[in-house]
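The structure appears below as structure tokens.
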Amino acid sequence: MAKSVRCFVLLMVCLIPMLLVTGCWDRRELEERTSVLAIAIDRAETNREHYQLTVQIPIPIKIAGSSGKGGGSNSDAVKIMSVTGRTVSDAANNLQMRLNQRLFLGHTRVLAISEDIAKQGIQDIMDNFRREPQIRRLMWPIIVKGKASTLLEIKPELAQIPVVFLMDLVENGSKMGTIPDQTLGDYFNQTSNKTMEPFMNLVEASKKDVSWKGIGVFRGHKMIGQLDREQTWSMLQLRNEKKGGDVIIPLPNTKDGYVTFRPHFVKKRLHIDKAKANTGGSSSSLVATYHCELQGDIVELTENMKVSPEKFILQMQALIKKEMESRAKKMLQPLQKQYNSDILKLGLTLRALHYRDYWETHNWKEDFKDFPIRVIYTIKLRRLGMEMQ
């Protein structure tokens with residue numbers, strides 16, 4: 001009996017402290033936070049040495065469906081606020097002084113940076129976002145032509161909250177394989193890795209619209225150029241096995257004839273072998289060859305070719321192959337000779353396969369521009385489309 005009493009007392013001694021320390025003692029209600037959905041960074045107009053920080057803050061009570069009431073317009077559903085500071089942290093502190101609740105960055109999905117700042121270098125800006133624990137690595141960093149704040153001020157008619165429209169544009173474009181899914185975490189990994197260089201999506205914003213223009217190419221933390229849409233699609237095929245957009249090609253021996261090829265599947269193989277004597281390249285005895293297989297459909301043909309289906313397939317496959325290899329060369333030319341930026345991650349494979357015989361004795365940051373790269377496409381047509389006879 002005494003033993004049972006001692007066990008009961010010991011159990012209560014263990015349980016009572018546990019009951020006292022339970023509960024959300026450090027909780028913070030959502031109503032006590034000011035959530036930021038998007039951040040834009042520009043140069044301050046009054047002092048070019050300072051940064052202008054613009055944020056987009058949702059107003060829950062004015063969003064459609066809140067409290068059973070109808071929502072307001074785009075401008076009513078969000079609040080745009082701008083502050084300046086010597087650094088990003090200084091500007092954020094100045095913003096906090098104008099808010100009645102604590103600033104919360106855990107829901108921020110878009111970081112917009114002006115093209116002007118990106119070309120000057122963003123290492124000091126990214127240092128703050130790398131250290132801030134609230135910042136999510138899944139945030140999308142985006143370069144904006146002109147002022148970055150214009151991206152937060154757009155009023156699209158297809159979405160109540162402007163930044164949600166932009167998020168859907170990037171997310172759906174990534175699912176379709178036409179826009180790179182480049183996150184803040186990817187940028188941090190790429191700038192910390194000696195085998196590759198980073199890039200960011202590039203957009204242009206107007207009053208009611210935003211358009212994806214391609215990608216900004218970086219060397220380190222500084223933007224040094226850009227690739228347009230077609231060049232970016234070639235890069236995505238070789239780098240990420242993404243299909244890219246439709247390929248519209250003029251038909252030979254016709255006045256205004258065009259054929260449209262829509263890729264559906266991409267398969268890429270990269271081989272790095274010893275270079276032959278007639279292979280160019282002054283920095284190595286190796287050559288990289290990308291073998292890229294595209295499977296897709298003919299979705300439009302504006303001129304009747306008047307040939308048999310078998311001959312038509314062979315002609316179209318040869319025509320598309322020539323066009324895709326030409327696009328790949330147009331992508332590699334500025335990437336190597338003008339920008340000298342390995343956003344293809346070729347250095348990652350090179351270091352893995354040829355560490356002793358190449359990587360240890362070469363400076364990839366300098367040698368990439370002269371490294372011989374070949375691209376060979378294989379085209380397979382799955383469907384030619386229906387045609388009335």
TODO: Answer whether the closest heavy-atom distance between the side chains of R229 and S211 falls below 4.5 Å.
DONE: yes
Q. How are the rings of W364 and W359 set relative to one another: parallel (under 30°), tilted (30 to 60°) or perpendicular (over 60°)?
A. tilted
**Item:** Criterion salt bridge (Lys or Arg N to Asp or Glu O under 4.0 Å) on R219 and E366, from CA distance to verdict
**Value:** CA-CA 11 Å; R219 185 169 170 82; E366 298 299 329; 3.4 Å; yes
Note: W212 and T178 closest approach over all heavy atoms is CH2-O, 3.3 Å
When R43, R48, K147 are each screened for side chain to side chain donor-acceptor pair (under 3.5 Å) with D116, the one that passes is R48
- prompt: Counting only heavy atoms not in R262, do more than 12 sit closer than 6.0 Å to its CZ atom?
  reply: no
Those residues at least two apart in sequence (or on a different chain) that pass ring-ring contact (aromatic ring centres under 6.0 Å, His included) with H271 are H291
Atom NZ of K119: over 12 foreign heavy atoms under 6.0 Å: no
Residues N340 and K365: closest non-hydrogen pair is ND2-O, 2.9 Å
Query raised in the report: Does D42 reach the main-chain N or O of A148 with its side chain, forming a donor-acceptor pair under 3.5 Å?
Result: yes
Has the side chain of N240 got a donor or acceptor atom that lies under 3.5 Å from a matching backbone atom of L236?
-> no
message: Membership question, hydrophobic clusters at under 4.5 Å side-chain separation (ILVMFWY): are F104 and L152 in the same one?
response: no
### Query
Please walk me through it: do L381 and I320 pass side chain to side chain contact (heavy atoms under 4.5 Å, CB included)?
CA-CA 10 Å; L381 294 180; I320 297 168; 4.0 Å; yes
Practice problem: Go through D127 and Q123 one step at a time and tell me if the side-chain hydrogen bond (donor to acceptor under 3.5 Å, both in side chains) criterion holds. | Solution: CA-CA 6 Å; D127 182 77; Q123 184 171 3; over 6 Å; no
Taken in chain and number order and not counting sequence neighbours, the residues that satisfy ring-ring contact (aromatic ring centres under 6.0 Å, His included) with H221 are Y187
Ignoring hydrogens and geometry, is there a side-chain-to-backbone donor-acceptor pair from Q182 to P141 under 3.5 Å? no
- Taking it one step at a time, do Q237 and Y377 satisfy side-chain hydrogen bond (donor to acceptor under 3.5 Å, both in side chains)? CA-CA 11 Å; Q237 291 167 359; Y377 273 88; 2.7 Å; yes
Any donor and acceptor pair, going by atom type alone, linking the side chain of E293 with main-chain N or O of T378 inside 3.5 Å? no
Q. Under 4.5 Å between side-chain heavy atoms, hopping through other hydrophobics if needed: is there a path connecting L294 to I298?
A. yes
Q: Give the C-alpha distance, both sets of side-chain angles, the deciding distance and a yes or no for side-chain hydrogen bond (donor to acceptor under 3.5 Å, both in side chains) between S89 and N128.
A: CA-CA 7 Å; S89 297; N128 173 264; 2.5 Å; yes
Atom pairs and distances, side-chain donor-acceptor, residues 247-258, under 3.5 Å, sequence neighbours left out:
{"unit_1": "T254", "atom_1": "OG1", "unit_2": "L251", "atom_2": "O", "d": "2.7"}
{"unit_1": "T254", "atom_1": "OG1", "unit_2": "G257", "atom_2": "N", "d": "3.4"}

Can I get a per-line list of side-chain donor-acceptor pairs under 3.5 Å for residues 305-315, giving both atom names and the distance, sequence neighbours left out?
{"unit_1": "S308", "atom_1": "OG", "unit_2": "K311", "atom_2": "N", "d": "3.4"}

M167 with V55, same ILVMFWY side-chain cluster at under 4.5 Å: no
For E325, the side chain to side chain donor-acceptor pair (under 3.5 Å) test, sequence neighbours excluded, returns K321
With sequence neighbours left out, the residues meeting side chain to side chain donor-acceptor pair (under 3.5 Å) with E360 are R356
When you measure from the side chain of Q134 to the backbone N and O of L105, does any donor-acceptor pair fall under 3.5 Å?
-> yes
Between R86 and D90 the two heavy atoms that sit nearest each other are N-OD2, 3.0 Å
Would a single hydrophobic cluster contain both M223 and I39, if residues Ile, Leu, Val, Met, Phe, Trp and Tyr are joined by side-chain heavy-atom contacts under 4.5 Å? yes
CD1 of I179 to CH2 of W233, rounded to nearest 0.5 Å, is 9.5 Å
ask   = For the side chain of Y339 and the backbone of Q226, is there at least one donor-acceptor N/O pair under 3.5 Å apart?
value = yes
Nearest heavy-atom approach of F188 to R137 is CD1-NE, 3.5 Å
* Parallel, tilted or perpendicular: ring planes of H362 versus Y358, cut at 30 and 60 degrees -> parallel
Correct closest heavy-atom pair for R130 and S192 would be NH1-OG, 3.8 Å
| field | W140 side chain near T183 side chain, heavy-atom distance below 4.5 Å | value | yes
Determine whether I379 and L319 satisfy the following criterion, side chain to side chain contact (heavy atoms under 4.5 Å, CB included), listing intermediate values before the conclusion. CA-CA 9 Å; I379 307 300; L319 184 64; over 6 Å; no
Are I224 and L346 co-members of a hydrophobic cluster defined by side-chain heavy atoms under 4.5 Å apart?
yes
I'd like to know whether T34 forms a side chain to side chain contact (heavy atoms under 4.5 Å, CB included) with Q96, so could you lay out the CA-CA distance, the side-chain angles of the two residues, the decisive distance to 0.1 Å, and finally the verdict. CA-CA 10 Å; T34 298; Q96 181 65 72; over 6 Å; no
| task | Using a cut-off of 6.0 Å, state whether more than 12 heavy atoms not belonging to R382 lie near its atom CZ. | result | yes
Worksheet item: Side chains of V110 and Q56: closer than 4.5 Å at any heavy-atom pair?
Response: no
(request) Take R109 and R136 through the side chain to side chain contact (heavy atoms under 4.5 Å, CB included) test and state the conclusion after the steps. (result) CA-CA 8 Å; R109 294 301 307 275; R136 300 175 62 186; 3.8 Å; yes
*Mark yes or no for whether E115, through its side chain, and I143, through its backbone, hold a donor-acceptor pair below 3.5 Å.*
no
Heavy-atom closest pair (V36 atom, T108 atom, distance to 0.1 Å) is O-OG1, 2.9 Å
Does NZ belonging to K369 count more than 12 external heavy atoms closer than 6.0 Å? yes
- Query: Side-chain contact, heavy-atom cut-off 4.5 Å: K207 with I154?
  - Reply: no
